[in-house]
Amino acid sequence: PRPAWGKPSSTLKPDLVAPGEWITAALSSAAGADPSRKCQSKRLYTSRGTSQSAPIITGLIALLLETKKSLTVSQTRAILQEATTRDDCTGPGRDGWDSAYGFGKVNASAALARVSEL
């Protein structure tokens with residue numbers, strides 16, 4: 001939860017969750033050698049931390065906007081929240097939301113399908 005900042009105190013946060021632990025991505029061909037990187041010989045980099053989830057959500061929003069350029073912020077937020085996945089880890093949530101997982105785990109395929117319906 002976050003301070004309301006002029007909004008009703010019932011503002012629920014987080015909205016949703018995205019992968020953020022132990023993410024493996026391709027390295028740039030210009031990336032120098034660094035023995036702390038895992039999978040160095042395969043030109044991959046594994047990192048952990050919730051800052052990994054921000055580029056995942058940003059990239060998904062870019063894909064949504066590429067699919068439908070006229071999406072508003074409210075529509076984008078609604079699509080992301082409606083296109084989440086709940087499972088044994090997230091639990092059912094209270095009215096679809098809980099304080100640990102928000103509305104659930106981001107589901108890119110479902111979000112892209114949803115925006116295509118608009």
**Q.** Heavy-atom closest contact (Asn107 atom, Ala83 atom, distance)
**A.** CB-O, 2.9 Å

Q: Would you give the length of the straight line joining atom CG of Asp15 to atom CD of Gln81, rounded to the nearest 0.5 angstrom?
A: 4.5 Å

Q. How close do Ser99 and Pro14 get, heavy atom to heavy atom, and via which atoms?
A. O-CD, 3.4 Å

Q | Nearest heavy atoms of Cys89 and Lys105, plus distance in Å | A | CB-NZ, 4.1 Å

Q.
Are there over 12 heavy-atom neighbours, none belonging to Glu117, within less than 6.0 Å of that residue's CD?
A. yes

Q.
What I'd like to find out is whether the side chain of Asp98 reaches to under 4.5 Å of the side chain of Arg86, using heavy atoms alone.
A. yes

Q: Say whether, by atom type as modelled, one donor and one acceptor occur between the side chain of Thr90 and the main chain of Tyr101 under 3.5 angstrom.
A: no

**Q.** Non-neighbouring partners of Lys68 that pass side-chain hydrogen bond (donor to acceptor under 3.5 Å, both in side chains), sequence neighbours left out
**A.** none

**Q.** Hydrophobic cluster (4.5 angstrom, side-chain heavy atoms) - remaining members for Leu112
**A.** Leu16, Ile57, Leu60, Ile61, Leu63, Leu64, Leu65, Leu71, Ile79, Leu80, Val106, Val115, Leu118

Q.
Nearest 0.5 Å, please: how far is OG1 in Thr24 from CG in Leu44?
A. 6.5 Å

